[in-house]
Undergrad: 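Sharing a structure with you now.
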Amino acid sequence: KQKTSNAIAEIFINSILSNPLTHMRNGLGNWITQAIVQQERKIASRFFSGGEGANYISPTEDIAKAWGKHMASKEIMAAMKDTFKISGSKIETRIGNVTAQNFNIKHKTGAAAFDTAGKILTLYNLPTKFLQISDDYFKNAEFRSEIYARAFSDGMEKYSKGLLKQADLPEYIAGKVANPDKQLIEAAYRQAQYVTYQTPLGKRGDVFDMAKIGQTVKTYSANRGPWSWLTNYYLPFVRTPTNIAGFVAERTPVLARVLTNYNDKIAQGGRVAAEAKAKLALGSMFYLATAPLGYYGVIKGSGLEGGRSLKTGGKSLIDKTVKNEPFSLNIPIGDGKF
């Protein structure tokens, strides 16, 4: 019963990931997140730089981080295959359940037929593989960029303290990139998980760690009895949406102080505080720029497909109540006119 339940869960997860738009959103979301993080590193290094040792952030570290992404794009295929393979995925359902071997089918013909049916039902697991490959690309790119960024800051700190001559600085940084120590690797690993929303629940250090309860229930059901199909139906993903919510909260005024460990990070000073301040600063600028438009009703419109929705018989709810074109920008130029 448990094996059958796990098989159903695997078929379900591949089904909901079979829409190409899902992978387009995942890839685009990863690009946007990396762009946000890159801009925040620029703010942190320009306005909040300083610290000591591993906590030091150089005033121009963001340039090294951008260069690291460029280098990662050149070596990414080799990196994904052999170098610094970063485990983990958004997929929380174990694949490989719909096989004759898993169900202990010994009959040769029956086993072959079962395996063929399993491949068809799971779509050869291509949806889950596509998602994992996409995440691997972005994780490795972020991992390499963080190695470059921190190696650069380490070298610049030693140079500023007179511990390194200018002529020796490039070789020192290059050596650090080529042979990063354990502390540097762990920091880059955490950053790679953070950007792809795969930070393990229970290790965030804020209120969102409470979601670990849901993940524990899901893991328990996957290994105990025939109920994994039910929990995977209602909780196909737990870690990813929780980390997305935390990502947003870290950049939202008030919520950052209430729901995240913002105050603790500020107390630590140096790099940790600089990055926390940069996140809240960029988020605040976003809200300051967009909130007035929403408040005054300047931006109106609706969702995708030109405002059409199957759920509401061709028009979304906002189309039924707002008399304007979808995706339009209405500028008030008179008394009640746009």
Undergrad: Any link between Tyr172 and Phe152 through a network of hydrophobic side chains (Ile, Leu, Val, Met, Phe, Trp, Tyr) touching at under 4.5 Å?
TA: yes
Undergrad: Salt bridge or not between Arg150 and Glu157? Use side-chain N to carboxylate O under 4.0 Å.
TA: no
Undergrad: Could you check whether any side-chain heavy atom of Leu131 comes within less than 4.5 Å of a side-chain heavy atom of His23, counting everything from C-beta outward?
TA: yes
Undergrad: If you measure from OH on Tyr148 to CD1 on Ile63, what distance do you get to the nearest 0.5 Å?
TA: 15.5 Å
Undergrad: I need the Asn263 CG to Asp206 CG distance, nearest 0.5 Å.
TA: 12.0 Å
Undergrad: For Asn30 versus Ser134, what's the shortest heavy-atom pair and its separation?
TA: ND2-OG, 4.1 Å
Undergrad: Can you name the residues that form a side-chain hydrogen bond (donor to acceptor under 3.5 Å, both in side chains) with Asn55, not counting sequence neighbours?
TA: none
Undergrad: Establish, from distance only, whether the side-chain atoms of Asn243 and Arg204 form a donor-acceptor pair under 3.5 Å.
TA: yes
Undergrad: Linking I/L/V/M/F/W/Y whenever any side-chain heavy atoms sit under 4.5 Å apart, do Met71 and Ile185 land together?
TA: yes
Undergrad: Go through the steps for Met24 and Thr22 under the test side chain to side chain contact (heavy atoms under 4.5 Å, CB included), then give the verdict.
TA: CA-CA 5 Å; Met24 291 177 64; Thr22 298; over 6 Å; no
Undergrad: Please walk me through it: do Glu10 and Thr99 pass side chain to side chain contact (heavy atoms under 4.5 Å, CB included)?
TA: CA-CA 11 Å; Glu10 181 179 340; Thr99 63; over 6 Å; no
Undergrad: Evaluate the criterion side chain to side chain contact (heavy atoms under 4.5 Å, CB included) for residue pair Thr252 and Val248; output intermediate values, then yes/no.
TA: CA-CA 6 Å; Thr252 304; Val248 173; 3.8 Å; yes
Undergrad: Are side-chain heavy atoms of Ser284 and Pro253 found at a separation under 4.5 Å?
TA: yes
Undergrad: Tell me, do Lys212 and Arg239 make a side-chain contact under 4.5 Å, heavy atoms counted?
TA: no
Undergrad: Please go through Met210's hydrophobic cluster and name the other residues, only I, L, V, M, F, W, Y counting, with side-chain heavy atoms under 4.5 Å joining them.
TA: Val207, Phe208, Val254, Leu255, Val258, Leu259
Undergrad: Evaluate Arg257 against Glu250 for salt bridge (charged side-chain N to carboxylate O under 4.0 Å, His left out), listing each step before the verdict.
TA: CA-CA 8 Å; Arg257 298 176 183 273; Glu250 289 172 333; over 6 Å; no
Undergrad: Who passes side-chain hydrogen bond (donor to acceptor under 3.5 Å, both in side chains) against Arg46, sequence neighbours left out?
TA: Asp62
Undergrad: So, for Ala151 and Val177, which heavy atoms are closest and what is the spacing to 0.1 Å?
TA: CB-CG2, 3.8 Å
Undergrad: How many angstroms lie between CZ in Arg271 and OG in Ser49, if you round to the nearest 0.5 Å?
TA: 10.5 Å
Undergrad: For Tyr159, does the OH atom have more than 12 heavy-atom neighbours from other residues, nucleotides or ligands under 6.0 Å away?
TA: no
Undergrad: Does atom NZ of Lys161 have more than 12 heavy-atom neighbours, drawn from other residues, nucleotides or ligands, at distances under 6.0 Å?
TA: yes
Undergrad: State which residues pass side-chain hydrogen bond (donor to acceptor under 3.5 Å, both in side chains) with Lys279; sequence neighbours excluded, sorted by chain then number.
TA: Tyr194
Undergrad: Which pair of heavy atoms, one from Gly155 and one from Leu169, lies closest together, and at what distance?
TA: O-CD1, 3.2 Å
Undergrad: Do Gln38 and Lys69 have side-chain heavy atoms sitting under 4.5 Å apart?
TA: yes
Undergrad: Charged N to carboxylate O below 4.0 Å: is that the case for Lys139 and Asp136?
TA: yes
Undergrad: Do Met285 and Ile43 touch side chain to side chain, with heavy atoms closer than 4.5 Å?
TA: yes
Undergrad: Atom CZ in Phe286, atom CG in Leu288: separation rounded to 0.5 Å?
TA: 11.0 Å
Undergrad: When you measure from the side chain of Asp168 to the backbone of Leu164, do you find a donor-acceptor pair of N or O atoms at a distance under 3.5 Å?
TA: no
Undergrad: Apply side-chain hydrogen bond (donor to acceptor under 3.5 Å, both in side chains) to Asp181 and list each qualifying residue two or more places apart in sequence or on a separate chain.
TA: Lys176
Undergrad: Given 3.5 Å as the limit, does a donor-acceptor pair link the side chain of Ser153 with the main chain of Ser58, or not?
TA: yes
Undergrad: Check the pair Leu282, Arg251 against side chain to side chain contact (heavy atoms under 4.5 Å, CB included), reporting the backbone distance first and the verdict last.
TA: CA-CA 7 Å; Leu282 187 63; Arg251 292 156 178 80; 5.8 Å; no
Undergrad: Taking the side chain as every heavy atom from C-beta outward, state whether Ile32 and Leu28 have any atom pair closer than 4.5 Å.
TA: yes
Undergrad: Would you call Glu61-Lys42 a salt bridge at under 4.0 Å N-O?
TA: no
Undergrad: Using every non-hydrogen atom in the two residues, find where Ala72 and Arg144 come nearest and quote the distance to one decimal.
TA: CB-CB, 3.7 Å
Undergrad: Got a second to check how far Glu171's CD is from Lys165's NZ, nearest 0.5 Å?
TA: 13.0 Å
Undergrad: Please determine whether a side-chain nitrogen of the Lys or Arg among Asp154 and Lys158 lies less than 4.0 Å from a carboxylate oxygen of the Asp or Glu.
TA: yes
Undergrad: At what distance, to the nearest 0.5 angstrom, does CD of Gln39 lie from CZ of Arg41?
TA: 12.5 Å
Undergrad: Tell me whether the count of non-hydrogen atoms from other residues, nucleotides or ligands lying under 6.0 Å of CD in Gln268 goes above 12.
TA: yes
Undergrad: Check this for me, if you would: do Glu142 and Lys65 make a salt bridge, where the nitrogen-to-carboxylate-oxygen distance has to be below 4.0 angstrom?
TA: yes
Undergrad: What are the two closest heavy atoms between Thr260 and Gly246, and how far apart are they?
TA: CG2-O, 4.4 Å
Undergrad: State, to 0.1 Å, how close Leu184 and Glu146 come at their nearest heavy-atom pair, and which atoms those are.
TA: CD1-O, 4.5 Å
Undergrad: Are the side chains of His70 and Trp67 in touch, meaning some heavy atoms are under 4.5 Å apart?
TA: yes
Undergrad: Could you check, using the six-membered ring where one of them is a Trp, whether Phe247 and Tyr197 have ring centers closer than 6.0 angstrom?
TA: yes
Undergrad: Would you mind listing every ring-ring contact (aromatic ring centres under 6.0 Å, His included) that reaches into residues 29-55, with sequence neighbours excluded?
TA: Trp31-Phe138
Undergrad: Check for a donor-acceptor pair, side chain of Thr196 on one end and backbone N or O of Ala192 on the other, with a separation under 3.5 Å.
TA: yes
